[in-house]
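Predicted model only: the values in this text are computed from it and were never measured.
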Amino acid sequence: MSLKDKLASLLRGSKANEPAPEVQGTVQAQAAQEPPSAPSFAAADPTVVQLSSDHPLQQLYQMRRKEAGSLPAPRVCIDEDGVLPEDFVRQEKARLETALRRMCSTRLKVLRGSSNNKPKPKKGEEADAKAEVKPDAVDALPWFFLSNDKIYAWVLVFPPNSEGKELSRELLLRAMDEAGISFGVDYRLIDRLSHDDSRYFNLFLLAKGKPAFDGRNGNIVDYVPRVIERVLQTDEYDQVDYAALNLIHNVEEGQELCRVIRPTEGEPGRTVLDQEIPAKSGKDVPLPKGRNTEISEDGDALIASIAGHVEFTGRSFQVKPVLDISGDVDFSTGNIKFLGDVNIQGDVLTGFTVRAMGSIWVGGVVEAGSTVEAGGDLTVVKGILGDGTTSIRSHRCVFSKYVENATICARENLQTDAIINGSIYCDGQVVVRSGRGSIIGGRIWAAQKVTATSVGAKSECRTSIALGGLPCTNFELELAKRELKDLEIEKEKLECMLDSPVKTSILAKLGMKLSAAELKVEQLEEDLRGSDEPGKKNEGRLECSTAHPGTEISFGEETVRLRQENQQCIVKMVNGEIVVM
């Protein structure tokens with residue numbers, strides 16, 4: 001190497017570590033070929049306030065770093081332990097973001113104002129350009145953020161400027177006293193913040209109050225069911241045990257029907273400002289006391305005052321007396337008219353009448369010529385065997401093994417294994433699916449639905465199925481018109497008799513009966529006219545596995561007669577026409 005080259009090498013000593021031009025070009029080319037690494041994005045923590053680069057808190061942080069050097073990054077987390085409800089965190093975080101930005105902007109103005117307060121030179125004097133002007137001292141500032149319900153209080157400490165006082169325990173306690181924070185304070189946090197490296201620009205949960213707890217309302221614990229299920233269950237042989245369907249729930253005298261659980265008092269809370277949060281006490285509930293029930297001495301239980309059948313009427317429990325007949329309804333018992341429920345272990349023999357305001361349970365059969373009327377449910381374990389004059393009425397459901405040659409009016413549903421030559425009026429559903437599941441002959445009128453395994457017979461005996469309307473109301477109208485006609489005939493006979501005081505007395509009583517019968521007919525006809533809507537007439541449907549020819553199906557005045565056997569048959573009214581599917 002020549003002397004000239006050595007001198008040039010010494011002059012280039014500061015660039016000795018740089019790569020040669022050709023090497024540098026190779027490195028740049030390789031760097032250009034390498035794809036830039038994709039930035040990693042972490043999922044945003046919903047409890048942390050995201051601070052943009054131009055946020056006033058970030059500006060305060062940068063000012064502090066210039067004065068103090070290294071400093072932990074700011075972190076504003078409203079739920080560090082993750083124990084607060086999500087809705088609460090979301091609402092308070094929105095409030096915190098607004099309040100924090102406002103406070104940081106104010107603090108920023110204070111610090112900048114302290115730096116700009118330089119003394120002006122006096123007239124005739126030259127200011128020394130090299131003289132240092134110290135800014136005004138600004139001490140550390142604890143800033144408190146309280147939740148909307150004042151249950152939680154957080155603290156975020158702003159650092160001082162270079163001339164101000166650092167955070168101390170006394171300064172923090174004095175600030176808390178001025179803010180009124182005195183309940184549920186974490187004093188261990190206060191001791192730690194006075195010397196912790198991360199005490200500035202970080203949000204800490206300083207105090208936690210005590211939330212109020214409202215008292216629980218009173219409650220009623222029932223020992224007897226309020227609703228009795230009226231659903232028959234079939235066994236593996238598709239048979240129903242009607243004897244097991246006892247809809248009468250008997251209780252003994254003094255037996256508890258229900259008990260009240262008293263309400264609890266509310267527990268008041270406390271805010272971090274040591275203010276009481278009122279709490280509501282639970283509401284008391286009255287015992288559902290009804291007929292033949294009484295409240296116990298301690299006032300916490302409802303007991304039966306008599307032995308009988310308990311029933312919930314919708315507002316209260318009531319105990320109905322139960323009449324138990326160990327044998328048949330015959331000449332030994334006579335006709336029965338009872339205000340409660342009736343349990344008959346035997347049969348209802350021919351010509352006898354059983355009327356009850358409650359439910360009736362018959363362990364045997366209801367024979368021909370009998371009349372049974374139940375204000376509740378009627379259960380006949382062995383079936384109803386009539387002769388065309390047997391009359392059965394129930395204001396709820398009828399359950400029977402079979403029905404033959406009887407007239408039945410059920411306000412709710414009828415469920416049986418077979419119906420033969422019956423006259424059925426049902427405002428609910430007629431279900432004939434268990435056992436034989438056959439409907440043969442007679443007329444079935446159901447407001448909602450008729451479902452059976454088989455309808456009609458191969459002999460094409462006439463079987464009529466009517467759907468929709470108000471079957472029970474029509475049945476009562478038929479009875480009322482028949483009664484009115486009988487009274488008119490009786491009146492005509494009386495008028496042909498010779499005048500006498502007896503005739504006058506009988507005619508007066510008969511006139512009152514006629515007036516009552518006429519009013520009843522008019523009322524029923526008005527009820528039918530009020531419900532005489534196309535939608536009412538078109539309601540209802542027939543579902544059966546087999547529908548034999550000779551079966552007539554009607555909706556109001558529209559009637560169709562099946563000419564052939566139909567399998568898996570469904571009949572309903574569509575657009576004013578009867579459709580057989």
Side-chain angles (χ1 to χ4, degrees), residues 43-52 55-58 60-61 72-108 110 140-159 167 169-194 196 198-216 264-282:
D45 189 344
T47 65
V48 176
V49 176
Q50 302 301 321
L51 303 173
S52 59
H55 196 281
L57 185 65
Q58 293 282 18
L60 291 170
Y61 173 71
R75 175 176 171 80
V76 183
C77 180
I78 198 169
D79 186 18
E80 196 70 48
D81 297 329
V83 295
L84 300 179
E86 292 183 4
D87 293 341
F88 176 83
V89 170
R90 184 168 57 253
Q91 295 173 3
E92 296 301 330
K93 180 184 173 184
R95 293 181 60 246
L96 175 61
E97 289 175 346
T98 303
L100 180 64
R101 180 175 288 273
R102 186 185 305 114
M103 182 61 196
C104 290
S105 299
T106 303
R107 181 68 174 178
L108 198 59
V110 171
L141 176 65
W143 174 68
F144 304 105
F145 175 74
L146 274 64
S147 61
N148 198 31
D149 55 6
K150 306 294 188 298
I151 296 294
Y152 297 93
W154 292 267
V155 61
L156 186 145
V157 184
F158 295 102
L167 177 68
R169 189 176 190 277
E170 292 73 17
L171 189 150
L172 183 55
L173 289 174
R174 185 167 59 251
M176 287 172 50
D177 185 60
E178 293 174 358
I181 300 173
S182 58
F183 184 83
V185 178
D186 186 356
Y187 287 99
R188 287 184 297 179
L189 174 65
I190 293 175
D191 295 336
R192 180 167 58 87
L193 284 181
S194 60
D196 198 329
S198 61
R199 61 186 180 276
Y200 299 129
F201 301 118
N202 283 274
L203 190 71
F204 299 96
L205 182 60
L206 177 66
K208 180 179 179 181
K210 178 184 176 184
F213 294 98
D214 292 338
R216 293 192 303 271
T264 60
E265 297 292 331
E267 185 179 351
R270 209 80 183 169
T271 68
V272 294
L273 304 178
D274 203 20
Q275 298 169 344
E276 183 176 311
I277 303 174
K280 297 179 181 179
S281 297

In chain order, what residues pass the side chain to side chain donor-acceptor pair (under 3.5 Å) check against S198, with sequence neighbours excluded? D196
Under 3.5 Å, side chain of R192 to main-chain N/O of R199, donor-acceptor pair present? no
Please identify each residue that fulfils ring-ring contact (aromatic ring centres under 6.0 Å, His included) with Y61, with sequence neighbours left out. F201
Return the CG to CE distance between L141 and M103, rounded to the nearest 0.5 Å. 4.5 Å
Mind checking what makes salt bridge (charged side-chain N to carboxylate O under 4.0 Å, His left out) contact with K210, not counting sequence neighbours? E267
From I181 atom CD1 to F144 atom CZ, the distance as rounded to the nearest 0.5 Å: 5.0 Å
Among residues two or more places apart or on two chains, list those pairs meeting salt bridge (charged side-chain N to carboxylate O under 4.0 Å, His left out) that have a residue in residues 95-105. E92-R95
Minimum-distance pair of heavy atoms, taken over all atoms of V155 and L206: CG1-CB, 4.0 Å
Reported CG-to-CG distance for the pair L205 and D81, which is rounded to 0.5 angstrom: 8.0 Å
With sequence neighbours left out, the residues meeting ring-ring contact (aromatic ring centres under 6.0 Å, His included) with F204 are none
For R169, check side chain to side chain donor-acceptor pair (under 3.5 Å) against everything at least two apart and list the hits. D191
Applying side chain to side chain contact (heavy atoms under 4.5 Å, CB included) to E170 and not counting sequence neighbours gives S168
By ring-ring contact (aromatic ring centres under 6.0 Å, His included), which residues pair with F88, not counting sequence neighbours? Y152
Which residues pass the salt bridge (charged side-chain N to carboxylate O under 4.0 Å, His left out) test with D87, not counting sequence neighbours? R90
Set of residues satisfying side chain to side chain donor-acceptor pair (under 3.5 Å) with respect to D274, sequence neighbours excluded: R270
Partners passing ring-ring contact (aromatic ring centres under 6.0 Å, His included) against F145 (at least two apart in sequence or in another chain): W154
R174: what forms a side chain to side chain donor-acceptor pair (under 3.5 Å) with it, not counting sequence neighbours? none
